[in-house]
Amino acid sequence: MSSTDLTRRTAAETAAAIAAREVSAVEVAQAHLDRIAAVDDRVHAFLHVDAEGALAQAARVDAGELSGPLAGVPLALKDVLCQEGIPTTVGSKILEGWRPPYDATVTARLKAAGVVLLGKTNMDEFAMGSSTEHSAYGPTHNPWDLDRIPGGSGGGSAAAVAAYEAPLAIGTDTGGSIRQPASVTGTVGVKPTYGGVSRYGLVAFSSSLDQAGPCARTVLDAALLHAVIAGHDPADSTSIPLPVPPVVEAAQKRDITGLRIGVVKELAGEGYEAGVEARFAEAVELLTALGATVTEVSCPHFGYALPAYYLIAPSEASSNLARFDSVRFGLRVGDDGVHSLEEVMSLTREQGFGPEVKRRIMLGTYALSSGYYDAYYGQAQKVRTLITQDFTRAFEQVDVLVSPASPGVAFRLGEKLGDPLAMYRQDLATIPSNLYGGPAMSLPCGLSDGLPVGLQIMAPTMRDDLLYQVGGAFEAALPAPVPSLSWES
Ligand code: GLN
């Protein structure tokens, strides 16, 4: 079998072939490393490739030291998760040269499951953005059209999966950073229930919203990865001490007869591209044809989700990012015996952070400042409660909610860089689930102007299995579109 064929397989197929000894884990790892070497100069999905570590882990799988449903399957890790001894930059200059002395819980679970970590993927600096253009290391390109953005902040993870550089990737989603990249690259991305996957070792952006989750080319692959990384972790105080929902079984059910699906009235209309609305309307018809009962549901406060998020997330970020003080991690500027400690700190932060990160720190510091706290941060927290109540009421009527995942298809690189609000609006439909804490998935539902459109499914907290049940049935009826990758020839 040629190495191209090995990179085109799903994670489930690869794991089965390795377990049956039809192919070795080392061959699979090498095929993906070759693929990265062949295309990543144009895609730029990776910030760091760990060929040696990947081949060593694959050899352990081949030696029978590690086993499990994903043993030997290669994976791309978003550069916001710590991996011992491997550079972790979070897309920022301020962490340049930092090598974590420990593994994030997600990383440790992947290693223990025999997953082969290929390297760290590009991202918007500190996960702030929707295009990966805010990375301090240059943008990632969308494999569907290299002149377009791969979404963000986890554009590197989504692009790696779409370009066959890895069958699996890990992303993190604070306001949409797994789902929007999945939507615009034609891949499957899942934000698990908040507290479902440990945040230990995930460099914090907004601690009450951040959640790591799977990126894959199929619903089943995403479920297999979800099952490996999820589950209670005493090292994260917000981790939920309950069993992991049966995501793998749900992905294989392929039956949604009688399931009640709600179309969110407020996640349509202004701000959504016509092509996206058309594909979404067809997706709703297909769900009905598959036997679900589809009704319209109103979530009246969803329109306030975006402004509430842009107070809560920057507030938490301004506090979390205070730890980058030139002393503890990475970059240190002006430490020459002439500058004072205070000057070293401010020079380091001035040179280490990019403009979007500075904008968020200023927004957050302002929202938290005395005299403004109640009017901004306090008010946003009340809106968060109202949005949670919208979800609670909606889930009394229906089992899951659906909407477009992203209001548009992949836009051109540079198109929205000068307009932060246009960039922020990418997350119109994804942010409500983060504020509520429930799980949500984006999966492909066809093309508009030759570019992928994503269907979003939202479920109640700890019912991640429902996403996979609906997603699995939908995908079986409407397989994901395949990119032509015409730039390769
Ligand atoms: N695009 C959103 C932001 O810029 C969400 C980012 C994320 O989910 N990490 O904040």
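All ligand and atom numbering here is 1-based and tracks the order in the structure.
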Asks: Compare all side-chain heavy atoms of Glu282 with those of Cys445 and state whether any distance is below 4.5 angstrom.
Replies: no

Asks: Have a look at ligand 1 and work out which part of Tyr424, if any, has a heavy atom under 4.0 Å from it: side chain, backbone, both or neither.
Replies: neither

Asks: Are Tyr468 and His226 close enough that their ring centers fall under 6.0 Å?
Replies: yes

Asks: Please confirm whether Thr174 comes within less than 3.5 Å of ligand 1 when only nitrogen or oxygen atoms on both sides are compared.
Replies: yes

Asks: Does Tyr310 come within less than 4.0 angstrom of ligand 1, counting non-hydrogen atoms of the residue?
Replies: yes

Asks: Assess Ser130 for proximity to ligand 1: is some non-hydrogen atom of it under 4.0 Å away?
Replies: yes

Asks: Please state which part of Ser177 comes within less than 4.0 Å of ligand 1, counting heavy atoms only: side chain, backbone, both or neither.
Replies: both

Asks: For Phe324 together with Phe126, are the ring centres under 6.0 Å from each other?
Replies: yes

Asks: When you compare ligand 1 with Gly152, is there at least one nitrogen or oxygen pair between them that comes in under 3.5 angstrom?
Replies: no

Asks: Is it the case that more than 12 heavy atoms not belonging to Lys382 sit under 6.0 Å from its NZ atom?
Replies: no

Asks: Give, for atom CE of Met458 and atom OG of Ser442, the distance between the pair rounded to the nearest 0.5 Å.
Replies: 11.0 Å

Asks: Which one of Met423, Arg360, Gln426 has a non-hydrogen atom at the shortest distance from atom 4 (O) of ligand 1?
Replies: Arg360

